[in-house]
Amino acid sequence: MTTDSVTILPPAHALTGKVSPPGSKSITNRALLLAGLAKGTSRLTGALKSDDTRYMAEALRQMGVTVEEPDATTFVVTSSGELKAPSAPLFLGNAGTATRFLTAALALGQGRYVVDGDEHMRKRPIKPLVEALQSLGVAIAAPSGCPPVAIDAKGAFKKNHVVIDAGLSSQYVSALQMAAACGSEPFTIELAGADIGARGYIDLTLSAMRAFGARVEQPTPSSWVIEPTGYTATDFHIEPDASAATYLWGAEVLTKGQIDIGTASAAFTQPDAKAYDVIAQFPNMPAVIDGSQMQDAIPTIAVLAAFNETPVRFVGIENLRVKECDRIRAVSTGLNNIREGLAKEEGDDLLVFSDPSLAGQSLPASIDTFADHRIAMSFALAGLKIRDITILDPGCVAKTYPGYWDALTSLGVDLVRNDPK
Ligand SMILES: O=C(O)C1=C[C@@H](OP(=O)(O)O)[C@@H](O)[C@H](O)C1
Ligand SMILES: C=C(OP(=O)(O)O)C(=O)O
């Protein structure tokens, strides 16, 4: 979408129909990398085609991997198993998964690699991962603590044990886990802290690794031993994106409709599917919601909370401050823009002071999305109930859900696209 902004007209009817969310971003980018590290041809079906996965696919191509796209949801990846040093920096936009996962994998490559992103990615921390790789003897540098990252790889780690602080991102752990299977001896990864936010993403990583032939043990809740199996090319089916599903679940409960997303909430293996149980309680969602294990779903639930019967405090969400934007700030700014006093930050908690009487009112607001797809998609839900909600930069949904606006339209939502002047 090239429009500057989109204004949502609240539908006069409940939203009903069938909309399938696209393939999982998290699983697609894991599968693309693992297929690139495996010798032979892997066919990835049900895949997401969006900015984040295109950046990953393009980076693999730059490193000598053949990535074909026979249809809208399939990648066919053929690799020698090696990611050859590219002639130019790898540009990964604002794709956290691609940036973090490749940084660790390329540390076991041969030659010079530069991992870079857009101005937003250049503000997202990667220092803990870089320091962990330095402790393994890798010549790697990220002077700002964020991308760009320069790696002079020599094909091996000098140690077989690493301690990683995953407080800022679980992706550092996933990245090391996926890389470690390409080493030459069993490799142990240990968490610096006792637990990890979004542990469910680690389970996704291990399950994708196992599908590509890896062997991983978990001797304690905070350590993993990865065997040096390398990866075996395979055909792999990717489930729909659970974070994308949260917007459809939200639209369903807000409009008292029935949207068939084609997948039962219990069938998802991604952490954000946990959001279903909370969303299903709307308009009586709990007073305190712990977002630590369903972080990407929090903007969705926070916008729903504005229409809940009672206020909601979101806890365990501190690392929302280092996502595509500071999501705690972006959500509170957006809600207060709709009506002053609707939300408040308390430290790293977010309080939403719900008011069911918002529904049906005209409260003109232009929502700054801070180039963050999840802010755009979640605030569109407010527009299903409140008149004159305008979402700025609606094209940013292309990061993970390019068909989002069309999905709303297909459910009967009228959108006014305000063309750039
Ligand atoms: O591993 C993954 O696929 C992801 C992990 C989470 O990030 P952090 O680990 O940085 O919290 C999540 O927010 C992101 O959208 C996807
Ligand atoms: C945080 C997100 O993305 P990533 O870290 O993969 O860029 C997200 O999709 O909400």
Side-chain angles (χ1 to χ4, degrees), residues 21-34 48 50-56 92-104 117-118 120-129 146-147 164-178 191 195-209 238-239 241-247 268-275 291-300 316-328 330-331 369-378 396-402 404:
S24 158
K25 169 202 77 174
S26 293
I27 303 178
T28 302
N29 268 357
R30 283 164 172 76
L32 279 170
L33 174 63
L34 299 178
L48 172 67
S50 73
D51 288 351
D52 278 16
T53 64
R54 252 190 303 278
Y55 285 127
M56 177 64 107
L92 300 165
N94 194 8
T97 50
T99 304
R100 277 73 175 260
F101 298 169
L102 281 169
T103 294
D118 65 15
H120 307 288
M121 196 67 231
R122 283 180 165 203
K123 291 191 188 124
R124 297 180 65 189
I126 200 161
K127 191 172 174 196
L129 179 58
C146 302
I164 177 81
D165 183 341
L168 289 173
S169 174
S170 71
Q171 292 173 3
Y172 307 150
V173 182
S174 292
L176 290 166
Q177 288 172 326
M178 287 189 277
L191 286 183
D195 206 0
I196 185 170
R199 184 172 272 275
Y201 286 109
I202 302 303
D203 297 334
L204 276 193
T205 302
L206 300 180
S207 131
M209 287 171 63
I238 294 159
E239 69 187 33
D241 193 284
S243 315
T246 66
Y247 310 109
F268 287 97
T269 63
Q270 299 151 75
D272 275 5
K274 291 187 186 69
S292 58
Q293 301 301 324
M294 49 177 183
Q295 299 169 7
D296 292 355
I298 294 307
T300 315
I317 57 170
E318 41 301 325
N319 82 2
L320 265 66
R321 293 211 187 271
V322 289
K323 304 283 184 184
E324 282 80 328
C325 72
D326 175 347
R327 287 184 175 156
I328 300 178
V331 170
T369 48
F370 302 94
D372 185 336
H373 55 144
R374 301 212 183 281
I375 303 303
M377 293 191 279
S378 51
C396 68
V397 302
K399 184 174 191 287
T400 57
Y401 196 166
Y404 183 63

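Every heavy atom of this structure was used, including side-chain atoms; hydrogens, water molecules and symmetry mates were not. Counting starts at 1 for both ligands and their atoms, in listed order.
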*asked:* Within ligand 1, which atoms have a heavy atom of Lys25 less than 4.0 Å away?
replied: 14 (C), 15 (O), 16 (C)
*Hey, does Tyr172 have a side-chain heavy atom less than 4.5 Å from the side chain of Pro125?*
yes
*Is there a donor in the side chain of Ser26 and an acceptor in the side chain of Gln270, or the other way round, less than 3.5 Å apart?*
no
_At less than 4.0 angstrom from any non-hydrogen atom of Asp296, what atoms of ligand 1 do you find?_
12 (C), 13 (O), 14 (C), 15 (O)
*Give the numbers and elements of all ligand 1 atoms closer than 4.0 Å to a heavy atom of Thr97.*
2 (C), 3 (O)
*Which one holds for Gln171 and ligand 1: side chain close, backbone close, both close, or neither close, with close meaning a heavy atom under 4.0 Å?*
both
*Would you mind running through ligand 1 and noting each atom that sits below 4.0 Å from a heavy atom of Asn319?*
11 (O)
*Keeping the roles fixed (side chain from Lys25, backbone from Asp52), state whether a donor-acceptor pair exists under 3.5 Å.*
no
*Closest protein heavy atom (residue, atom, distance) for atom 11 (O) of ligand 1*: Lys323 NZ, 2.6 Å
_Tell me which one of Asp51, Thr400, Asp296 satisfies side-chain hydrogen bond (donor to acceptor under 3.5 Å, both in side chains) with His373._
Thr400
*N/O donor-acceptor pair under 3.5 Å between Ser243 side chain and Asp272 backbone*: no
*Within reach of ligand 1, part of Ala198 (heavy-atom separation under 4.0 Å)*: neither
*Thr97: what forms a side chain to side chain donor-acceptor pair (under 3.5 Å) with it, not counting sequence neighbours?*
Asn29
_Sub-4.0 Å heavy-atom environment of ligand 2, residues by chain_ = Lys25, Asn94, Ala95, Gly96, Thr97, Arg124, Gln171, Asp296, Lys323, Glu324, Arg327, His373, Arg374, Lys399
*Among protein heavy atoms, which lies nearest atom 1 (O) of ligand 1, and at what distance?*
Arg30 NH2, 2.7 Å
*Measure from the side-chain N and O atoms of Ser50 to the backbone N and O of Tyr401, and report whether any donor-acceptor pair falls under 3.5 Å.*
no
_With rounding to the nearest 0.5 angstrom, report the CD to NZ distance, Gln295 to Lys323._
4.0 Å
*asked:* Walk me through whether Leu320 and Val331 qualify under side-chain contact (heavy atoms from CB on, under 4.5 Å).
replied: CA-CA 10 Å; Leu320 265 66; Val331 170; over 6 Å; no
_Atom of Cys146, atom of Arg122 and distance for their closest heavy-atom approach_ = CB-O, 3.1 Å
_Minimum-distance pair of heavy atoms, taken over all atoms of Asp372 and Cys325_ = OD2-SG, 3.3 Å
_I need the contact type for Thr205 against ligand 1. Using non-hydrogen atoms and a strict under-4.0 Å cut-off, is it side chain, backbone, both or neither?_
neither
*In terms of residue, atom name and distance, what is the protein heavy atom nearest to atom 6 (C) of ligand 1?*
Tyr201 CE1, 3.6 Å
*asked:* Looking only at the side chains, is there a donor atom on one of Thr205 and Arg30 sitting less than 3.5 Å from an acceptor on the other?
replied: yes
*Which atoms from ligand 1 have a heavy atom of Ser170 less than 4.0 Å away?*
5 (C), 8 (P), 9 (O)
*Distance to 0.1 Å, residue and atom name: give those for the protein heavy atom nearest to atom 10 (O) of ligand 1.*
Ser169 OG, 2.6 Å
